[in-house]
Amino acid sequence: MTPVHFSFSSAFMLGLMGLAFHRTHLLSALLCLEGMMLSLFIALALWAMQFESTMFSTAPMLLLAFSACEASAGLALLVATARTHGTDRLQNLNLLQC
């Protein structure tokens with residue numbers, strides 16, 4: 001395993017572990033998801049540059065576009081949750097009380 005591969009896989013795993021074990025606030029969960037997406041973007045971009053293929057050159061930009069859409073939807077949910085419940089703590093959220 002190369003050091004570059006190790007650093008991106010460890011960054012993804014740190015984001016995944018943060019999402020799994022430290023879910024107190026919605027903002028921290030969104031930041032962990034964004035870190036995972038950015039590590040995937042950098043790894044995919046380096047993989048496309050390594051193979052020097054024009055077929056895979058658009059895949060990182062497509063992933064970055066989906067990541068931006070995910071971030072905007074997450075922030076909209078964060079604002080809506082903060083307005084209705086007054087906090088972004090995940091323990092206070094109950095989907096059955098709509």
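We count residues from 1, following the sequence as given.
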Looking at L78 and L27, what are the two nearest heavy atoms and their distance?
-> CD2-CD1, 3.8 Å
What distance separates L33 CG from L16 CG, expressed to the nearest 0.5 Å?
-> 9.5 Å
Do you know which of L26, L30, V79, L77 makes side-chain contact (heavy atoms from CB on, under 4.5 Å) with D88?
-> L26
Under 3.5 Å: donor-acceptor pair, side chain of T84, backbone of A80 = yes
Rounded to the nearest 0.5 Å, how far apart are OG of S9 and CG of L14?
-> 9.5 Å
Would you say the side-chain atoms of T24 and Q91 include a donor-acceptor pair closer than 3.5 Å?
-> no
Which pairs, with at least one residue in residues 7-43 and sequence neighbours excluded, count as a ring-ring contact (aromatic ring centres under 6.0 Å, His included)?
-> none
Intermediate values then yes/no, side-chain contact (heavy atoms from CB on, under 4.5 Å), L46 and I42 | CA-CA 6 Å; L46 286 177; I42 293 172; 4.2 Å; yes
Sorted by chain and residue number, the ring-ring contact (aromatic ring centres under 6.0 Å, His included) partners of F51 (sequence neighbours excluded) come out as W47
CE-CE distance between M17 and M36, expressed to the nearest 0.5 angstrom = 12.0 Å
Between F66 and L75, is there a shared hydrophobic cluster once you connect ILVMFWY residues whose side-chain heavy atoms come closer than 4.5 Å?
-> no
Gap between atom OG1 of T58 and atom CG of L63 - 0.5 Å precision | 11.5 Å
Kindly write out the residues that satisfy side chain to side chain donor-acceptor pair (under 3.5 Å) with T81, not counting sequence neighbours, or none if the list is empty.
-> none
Would you give the length of the straight line joining atom OG of S67 to atom CE of M61, rounded to the nearest 0.5 angstrom?
-> 12.0 Å
Might you point out which heavy atoms bring G15 and C32 nearest each other, and give the distance in Å?
-> O-CB, 3.5 Å
Can you get from L40 to V4 by hopping between Ile, Leu, Val, Met, Phe, Trp and Tyr side chains that sit under 4.5 Å apart?
-> yes
